[in-house]
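Data first, discussion second: the structure below is written as structure tokens.
What you see below is based on every heavy atom in this structure, not just the backbone, and it leaves out hydrogens, waters and symmetry mates.
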Amino acid sequence: MEKSKVYFTDLKTRPNYNLLDKLERLVKRAGIEKIDFSNKFVAIKIHFGEPGNMAFIRPNYAAKMVSIIKSLGGMPFLTDSNTLYTGRRSNAIDHLQSAAENGFTPLTVGCNIIIADGLKGTDYREIGINLKYCKTAKIGAAIADADVLISMSHFKGHEMTGFGGTLKNLGMGCASRGGKLEIHSASQPRIDKENCRSCGLCIKNCSQKAISFDENKKASIDYSKCIGCGQCVAVCQFNGAQVVWNESADTATEKVAEYAYAVIKDKPNFHINFIMDVSPDCDCSPSNDYAIIPNIGIAASFDPVALDKACVDLVNKAPALKGSVLSDNRYREGEDKFTHIHSNTDWRAGLEHGEEIGLGKQDYELILVK
């Protein structure tokens, strides 16, 4: 069986050939020009970074990709979906403001920025996939409606999936808030009575009429009617409707792969991982810890599974940085770095499941682009 091709460039530059030039050469060598972009809506899925976290991909790289896609006739827009937790990116207004604070504006990147699942995280399309865990996937409407999907992912550690790369950026990052609830939890949400403000939004938005006010005018869920869609969590701005966290990390990681499958199903797609500022935790945190390895480079592929596998292998071959979380006495050089940092996770589960469902292959050929 033919190996998937993953193209890689390091961060060495020379006069008149900078990192933006290297990015352009990389994606063209990897075959991005094979995609028909002519008059197509092109979603560039990226993480804008939680304000205070400085490890996100610089907007300069996004601007270069926008320029490349425009030159190929496409109509690109940068996008992400709202977060499930209450924070600076849980609704479109705060999300766009956060993106602007981190340097992502139409002026700096050269295209519009669209929050994929709308103002409150309720704008999504259900895509049928009929896989092990998910029969359908709730994907942000702007991403689901796009003609072409390009992902730009910051490769780093992650508390739930071991590492965060292309599969995480696609599966979790493109899901609506209700979709994120489905990935994180197999159970139904709950109401925190102390946080409930009796605004009634959860009642108004419950498709099953499973929520009503109790005698104290606090929201209450009738679990005989609740289907666990997560809409109450999506619309609540006070953390009154909450996720119940009771599912294994492996199951959630496999669900991420299934959602990633839904995102690129029947759609031209291409993926880029930035293996730099490899922080131990997710970019959703309002801060980032010291990188665990030296900066490595940028990798690209049409195969998201092969791309993530190549990147995790590159990270594990790199030396651990002194002063990082890998400086503790328990870490031994050559040990899997992400498993050491997040010992209750197994990143292999997501890649293995991704391969099983036809998302891609773990067997890859790494091709150097200078």
Side-chain angles (χ1 to χ4, degrees), residues 50 80-95 115-141 144 159-161 171-256 258-259 262 282 284 344:
E50 189 77 15
D80 195 5
S81 63
N82 291 307
T83 59
L84 180 59
Y85 57 85
T86 302
R88 291 290 308 278
R89 296 180 302 113
S90 62
N91 65 79
I93 292 175
D94 289 339
H95 203 156
I115 303 305
D117 57 343
L119 182 64
K120 298 178 180 179
T122 58
D123 190 5
Y124 65 87
R125 305 280 184 263
E126 286 204 57
I127 298 176
I129 50 177
N130 198 32
L131 294 173
K132 179 180 177 181
Y133 299 103
C134 306
K135 302 308 176 186
T136 64
K138 303 177 182 71
I139 305 301
E159 303 88 322
M160 184 182 74
T161 56
M172 187 70 75
C174 294
S176 67
R177 295 189 75 193
K180 288 179 172 66
L181 174 63
E182 182 176 21
I183 292 171
H184 280 88
S185 174
S187 64
Q188 296 154 316
R190 73 182 185 93
I191 301 295
D192 185 310
K193 302 290 186 178
E194 292 185 5
N195 289 343
C196 179
R197 297 291 191 275
S198 306
C199 68
L201 272 178
C202 58
I203 297 174
K204 181 179 178 181
N205 286 275
C206 180
S207 64
Q208 305 302 306
K209 302 188 183 306
I211 309 179
S212 59
F213 286 131
D214 63 16
E215 63 276 9
N216 298 313
K217 206 179 178 183
K218 298 290 185 178
S220 180
I221 299 175
D222 180 348
Y223 289 107
S224 67
K225 298 178 180 178
C226 176
I227 60 173
C229 71
Q231 285 299 96
C232 54
V233 177
V235 299
C236 182
Q237 298 300 304
F238 306 106
N239 200 30
Q242 299 177 348
V243 181
V244 179
W245 308 92
N246 66 354
E247 192 165 57
S248 74
D250 284 1
T251 301
T253 302
E254 291 177 4
K255 284 184 177 181
V256 166
E258 294 191 359
Y259 261 67
C282 180
C284 292
N344 62 334

Given 3.5 Å as the limit, does a donor-acceptor pair link the side chain of [X] with the main chain of [Y], or not?
| X | Y | value |
| --- | --- | --- |
| Glu258 | Tyr133 | yes |
| Glu50 | Arg88 | yes |
| Tyr259 | Lys138 | yes |
| Ser81 | Ala175 | yes |

>> Counting only heavy atoms from other residues, nucleotides and ligands, does the tally under 6.0 Å from NZ of Lys204 exceed 12?
In response: no
> Side chains of Asp214 and Lys193: closer than 4.5 Å at any heavy-atom pair?
Replying inline: yes
> Heavy-atom distance under 4.5 Å between the side chains of Gln242 and Cys236, does that happen here?
Replying inline: no
[X] side, atom [atom1]; [Y] side, atom [atom2] - distance, nearest 0.5 Å:
| X | Y | atom1 | atom2 | value |
| --- | --- | --- | --- | --- |
| Lys218 | Asp192 | NZ | CG | 9.0 Å |
| Arg190 | Cys226 | CZ | SG | 14.0 Å |
| Asp117 | Thr83 | CG | OG1 | 9.0 Å |
| Ser90 | Leu84 | OG | CG | 9.5 Å |
| Ser212 | Lys217 | OG | NZ | 12.5 Å |

> Do you know which two heavy atoms are closest between Cys134 and Ile129, and how far apart they sit?
Replying inline: O-CG1, 3.3 Å
